[in-house]
Trainee: 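My structure is below; once you've seen it, I'll send some questions.
Read the numbers this way: they start at 1 and go in the same order the structure lists the ligands and their atoms. In this text the structure is predicted, and so the values were computed from the model without any measurement.
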Amino acid sequence: MPNVVVVGAQWGDEAKGKVVDYLAERAEMVVRYGGGSNAGHTVTTGGEVFKLHLVPSGILHQDVTCVISAGVVVDPAVLVEEIRELKGRGCPLRNLRISALAHVILPYHRVLDQLEERSRSKLAIGTTGRGIGPAYADKAARRGLRMGEFVDDARRPQALRSRLEAANELLTRLYDTEPLDVEAIVCEYDAYADALSAFVCDTAPLVAAAARGAKGVVFEGAQGTMLDVDIGTYPYVTSSHPIAGGACIGTGIGPTGIDRVVGVAKAYTTRVGAGVFPTELTDEIGHHIRERGREYGTTTGRPRRCGWLDAVVLRYSAMHNGLGTLALGHLDVLSGLGRVKIARAYKIGALITDSLPYDLAALEHVEPVYEELEGWSDDISGIASFDALPPACRAYVARVEELVGVPIWAVSVGPAREQMIVLPGRSAGR
Ligand code: IMP
């Protein structure tokens, strides 16, 4: 299998974990390339549900090496707990590797994330509060702590103390809050370093070698294209690069090493946190989607905002990611809606445009131009072949493909591995 990037094509939560898990079966390695414990990847297999935040979704396959690469920000407390839970459920973690270059999320990152959100007041981003923004800010400001240094017993105490003392200055002087207990944290983090040190190494050569091998590598994106810090709906975005290009930053391969880019989208749209959402539905249909789709955050439990599928967003996503194919999930959630809609363009004043305006202010005022299609009422969650889906459902998939201009290789009709249906004659190729 060639090297594939699996990328969220919307605002995250597209069920990338399931697609990664599916592709991982034939791969040598799965590499998580960005984000942190803001992500929540759910993999359902054999009736068991695994909720992963940092460990790559390939971990349930025994022979697959799973790498947390340099672009990820690692919260040691979360990772140690995740490893403990996975081990407790019989999942061997001997194939997990963590890049020595990945940055560490420390307690003050979490505290600052929450304080910064509070100070934004009405303009709050609705972050997950997991310290993501402050950790990436420290990385860019060249004062972050990396995993290699963190697990080095000779360097860690001083590295932690100096950063915690500087953070306490900020907390007490700028935010007028209680300082953190430096020595208690140093002691707590000793235990995390001890638990993680065996996994930390120089992962890039491993990835480079696997990428040259016959089985190949699956690069697992976190969040989604519209949350990318550059091309997402800034400033209502995360602080990393979820787009496919992010897979080439510090992982061990360059752009020429990627053979395929698979976008993952839901058959509708969701978003958590604040920011524009042109096709949002605040009516009963939005409610239907939220309840049927169990649209509540894996990480924070927050109800997700729900709306119709937005082909303008997906075309934008296809361009920025170079999507070769698309997996369209959660089709079963749309069952029973009578009629279904897809936004094919936007109206801005008198202007109709089929592309996304770069300017957030303009995006706030767009009105979606919808295309209405016949819905389907049957429960499709037990259907195992594309041809057995109701004709209206197949017509919906075909129309999405036409409007987005990217071939759809698979659809899903439920959360389980077995509920992914590959379209006849299609593969995750291109
Ligand atoms: P942060 O990544 O916690 O800083 O949050 C920034 C924005 O990204 C907020 O709107 C979050 O709700 C959103 N976000 C972060 N991670 C995810 C995710 O995994 N799925 C969906 N939205 C996310």
Trainee: Which one of R302, R271, K266, H287 satisfies the side-chain hydrogen bond (donor to acceptor under 3.5 Å, both in side chains) criterion with E295?
Mentor: K266
Trainee: Give every residue pair that meets the ring-ring contact (aromatic ring centres under 6.0 Å, His included) criterion with at least one member in residues 85-118, sequence neighbours excluded.
Mentor: none
Trainee: Kindly list each side-chain donor-acceptor pair under 3.5 angstrom involving residues 240-250, sequence neighbours excluded, with atom names and distances?
Mentor:
from	atom 1	to	atom 2	distance (Å)
H241	ND1	D228	OD1	3.4
H241	ND1	D228	OD2	3.2

Trainee: Answer with yes or no whether the side chains of D113 and T127 bring together a donor and an acceptor at under 3.5 Å.
Mentor: yes
Trainee: Could you go through ligand 1 and note, for every N or O atom, any protein N or O atom closer than 3.5 angstrom, writing the atom names and distance to 0.1 Å, or 'none'?
Mentor:
from	atom 1	to	atom 2	distance (Å)
ligand 1	2 (O)	N38	ND2	2.9
ligand 1	2 (O)	T238	OG1	2.6
ligand 1	3 (O)	T128	N	2.9
ligand 1	3 (O)	T128	OG1	2.6
ligand 1	10 (O)	V272	O	3.2
ligand 1	12 (O)	G126	O	3.3
ligand 1	12 (O)	V272	O	3.1
ligand 1	12 (O)	R302	NH2	3.0
ligand 1	16 (N)	Q223	NE2	3.2
ligand 1	19 (O)	N38	O	3.4
ligand 1	19 (O)	Q223	NE2	3.4
ligand 1	20 (N)	D13	OD1	2.9
ligand 1	20 (N)	D13	OD2	3.4

Trainee: According to ring-ring contact (aromatic ring centres under 6.0 Å, His included), does anything in residues 20-78 pair up with another residue at least two apart or in another chain? List the pairs.
Mentor: Y22-W409
Trainee: Does D176 have more than 12 heavy atoms from other residues, nucleotides or ligands lying within 6.0 Å of its CG?
Mentor: no
